[in-house]
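Keep in mind that the numbers below use all heavy atoms, side chains included, and drop hydrogens, waters and symmetry copies. Reminder, nothing fancy here: chain letters follow the sequence lines and each chain counts from 1.
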Amino acid sequence: MHDIRLIRDNPEGFDAALAKRGLAPMSSQILAIDESRRAKITAAETALADRNAASKQVGAAKAKGDEAEFERLRALVADKKAEIATLEEEAKAEDLRLQDLLATIPNLPHDDVPLGADENDNVELRKWGTPKSFDFKPKEHFELAAVQGGMDFEMAAKLSGSRFVVMSGAVARVHRALAQFMIDTHTSENGLTEVNTPVLVRDDAMMGTGQLPKFAEDSYQTTNGWWLIPTSEVTLTNLAAGEMMDEASLPRRYTAHSLCFRSEAGSAGRDTSGMLRQHQFEKVEMVSVTRPEDSLSELDRMTKCAEGILERLELPYRTVVLCTGDIGFGARKTHDIEVWLPGQDTYREISSCSVCGDFQARRMNARFKRTGEKKPEFVHTLNGSGLAVGRCLIAVLENGQQEDGSVRLPEALHPWLGGKTMITADGVMA
RNA sequence: GGAGACGUGGCCGAGUGGUCGAAGGCGCUCCCCUGCUAAGGGAGUAGACGGGUUGAACCGUCUCGAGGGUUCGAAUCCCUUCGUCUCCGCCA
């Protein structure tokens, strides 16, 4: 949600920022509505002020026993009333028009975000690790001997359809260990607070983080109106909704391991093999709530937290800044972390960390007061994956694969595997 | 699913037709006093929107969950709705 006053103050800047995202200018349309809205408000308020003044005199006239004056004022008030009703209605309608329009406009990119049209214009920030060279042609995760029994897509199709998986045995165990490892690392080393939230939420929550009203088709909804969260960014960020926070309580840093649900509308035919893109998956999410001046440095901190997980798992990755044409609806700046997948011979997204500025905070009315100050200000919010568990499993399997089809598991993970170090070609933990 | 209660400012909590944007307390800010195992005294302290200045003052409007109604006038009465809690039922 945008601050209408900023648009009023600098419509050219607003349009220029939209243009960076490849969008047509909107300020003149917005300001036209805003102007008519304000005119209606002023008219309605003037009428109200008149009525209030007359209304006050009514009491006085009555007290004085001046019946004629009493009746005159009464009629006047009744008159005003009708006038007010229409004016207020018009004002409200204009306001609603404005809100509805603003709610569909994406956030403006931060100044240092590289210009670009699509993902091809993203800029690499850094690379970590060297993709291992194999003496054989590395396989994709679902082709590995070690995985054959433990990742059953046909069984899942029987239960649920495509884009689901049934994991069992060693694969399920490693998947679970990864999630535990991530959460434990974030809480004990990165200073994040573990939270466990609902996965079913109301409209308001989805509106607050920006999934609604524009992207309803990307998520699932229950028959009684709840939404299945596409990410726990929704619940973690909305913890701040409607809150008035003390400056001293910022930054707030949360992490959660949750199920996520996405309809994957529009991605038909993409990544249909394996468990890279599922309707239901697990993710460890990070969310920060900060003062405005701290949010950009917090993005770097958050990105490092995610990268740290990959480094400890010895998985090569690269970090890119998304260009203006590729950043998401609510983001001002986004770092994507892409992990090396030898089976695909490429880097694939495993984390996305974004700073949203006050965009979400404004939508959900999340504010704080500076110590000694009276004016509330909107907080800034950030979210990032730390990491997508299923994709991380894929990366661990593909990067650790041996020629015989077994998989060596990263040392950092061993404590979460009861000391086991590999999955044999027979699919057994050893 | 059935029955009932409740929804007030950063928080707690009074307030049942006008003098209420709202007592009191907590918290916070500033000032004073006093000093020793920290306390006492005083003052201030809601938000949004519009106008106006243009990072002010000031003026107006609205807001006591939300929306509507009654009334000259509503936090206070009525209706609708959302939410929370309690008890019962059902289930993990």
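Ion pairing between a basic and an acidic side chain is recognised when a charged N comes within 4.0 Å of a carboxylate O; A:Glu373 and A:Lys375 show no such pairing. Taking a cutoff of 4.0 Å between a charged side-chain nitrogen and a carboxylate oxygen, A:Glu307 and A:Arg126 qualify as a salt bridge. Look at A:Lys420 and A:Glu411 and you find no salt bridge, because none of the NZ, NE, NH1 or NH2 atoms lies under 4.0 Å from a carboxylate O.
For A:Phe153, the ring-ring contact (aromatic ring centres under 6.0 Å, His included) criterion is met by no residue, not counting sequence neighbours. Residues passing the salt bridge (Lys or Arg N to Asp or Glu O under 4.0 Å) test with A:Arg202, sequence neighbours excluded: none. Taking A:Lys158 as the reference, A:Met155 meet the side-chain contact (heavy atoms from CB on, under 4.5 Å) condition, with sequence neighbours excluded. Remark: A:Asp118 pairs with no residue by the salt bridge (Lys or Arg N to Asp or Glu O under 4.0 Å) rule, at least two apart or across chains. A search for ring-ring contact (aromatic ring centres under 6.0 Å, His included) contacts involving A:Phe261 returns nothing, not counting sequence neighbours. Every residue meeting the salt bridge (Lys or Arg N to Asp or Glu O under 4.0 Å) condition with A:Arg277, not counting sequence neighbours, appears here in chain and number order: A:Glu264, A:Asp271.
When rounded to the nearest whole Å, the span between CD of A:Glu377 and C1' of B:G10 equals 15 Å. For A:Met244 and B:A48, the CE to C1' distance is 11 Å, given to the nearest whole Å. Nucleotide B:G44 holds its C1' atom 7 Å from the NZ atom of A:Lys374, rounded to whole Å. Between the CG atom of A:Asn224 and the C1' atom of B:G1 there is a distance of 14 Å, given to the nearest Å. For A:Asp246 and B:G27, the CG to C1' distance is 9 Å, given to the nearest whole Å. To the nearest angstrom, C1' of B:C49 lies 12 Å from CG of A:Leu98. Spacing between atom CD1 of A:Ile4 and atom P of B:C49 amounts to 11 Å, rounded to whole angstrom units.
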For nucleotides 54-71 of chain B, give me one character per nucleotide, 5' to 3': B if any protein heavy atom sits under 4.0 Å from the base, S if the only such contacts are to the sugar-phosphate, - if neither. ------BBS-----S--B

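Separation of the C1' atoms belonging to B:C26 and B:G83 is 26 Å when rounded to the nearest angstrom. Between B:U16 and B:G21, the distance separating the two P atoms is 16 Å to the nearest Å. Between B:G27 and B:A46, the two C1' atoms lie 14 Å apart (nearest whole Å). Atom C1' of B:G35 sits at a distance of 31 Å from the matching atom of B:G24, rounded to the whole Å. Look at the C1' atom in both B:C28 and B:A66: the space between them is 30 Å, to the nearest Å. Comparing the P positions of B:C58 and B:A5 gives an interatomic distance of 45 Å, to the nearest angstrom. Taking atom C1' in both B:U8 and B:G60, the straight-line distance is 24 Å, to the nearest Å. Rounded to whole Å, the separation between the P atoms of B:G18 and B:U29 comes to 38 Å.
RNA chain B is contacted by both A:Pro376 and A:Thr371; A:Thr371 maps to the nucleotide lying nearer its 5′ end (nearest heavy atom per residue).
When distances run from any side-chain atom of A:Arg37 to the nucleotides B:G47, B:C49, B:U29, the shortest one goes to B:C49. Here the side chain of A:Arg202 is nearest to one of B:C49, B:G47, B:G83, namely B:G83. Considering only the side chain of A:Lys375, B:A48 comes nearest among B:A48, B:G47, B:U29.
Looking at heavy-atom distances under 4.0 Å, A:Arg362 makes no contact with the nucleic acid at all.
The stretch residues 2-23 of chain A participates, sequence neighbours left out, in these ring pair (Phe, Tyr, Trp, His ring centres under 6.0 Å) pairs: A:His2-A:Phe14, A:His2-A:Phe359.
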Which atom pairs, one a donor and one an acceptor, fall under 3.5 Å between side chains of residues 237-244 of chain A and the rest of the protein, sequence neighbours left out?
residue	atom	partner	partner atom	Å
A:Thr237	OG1	A:Glu233	O	2.6
A:Asn238	ND2	A:Ala205	O	2.8
A:Asn238	ND2	A:Val234	O	2.8

With a 3.5 Å cut-off and sequence neighbours excluded, list the donor-acceptor pairs that the side chains of residues 389-396 of chain A form with protein atoms.
residue	atom	partner	partner atom	Å
A:Arg391	NE	A:Leu276	O	3.0
A:Arg391	NH1	A:Glu349	O	3.0
A:Arg391	NH2	A:Leu276	O	3.2

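Between A:Arg367 and B:G47 there is no side-chain N or O to OP1 or OP2 distance below 4.0 Å. At the phosphate of B:C28, neither OP1 nor OP2 sits under 4.0 Å from any side-chain N or O atom of A:Arg370. Contact between the side-chain N/O atoms of A:Arg38 and the OP1/OP2 oxygens of B:C49 is not found at any separation under 4.0 Å.
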Enumerate all atom pairs, one protein N or O and one N or O from nucleotides 90-92 of chain B, separated by less than 3.5 Å.
none

Let's test your reading of the pairing rules: Watson-Crick or G-U wobble, both distances under 3.5 Å, then write RNA chain B as a dot-bracket string with ( ), [ ], | and dots. ((((((((.[[[..)..(.....]]]((((((.......))))))((((((......)))))).[[[[[..)....]]]]])))))))....

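Under the side-chain hydrogen bond (donor to acceptor under 3.5 Å, both in side chains) test applied with A:Asp95, the options A:Arg37, A:Arg38, A:Lys40 reduce to a single match, A:Arg37.
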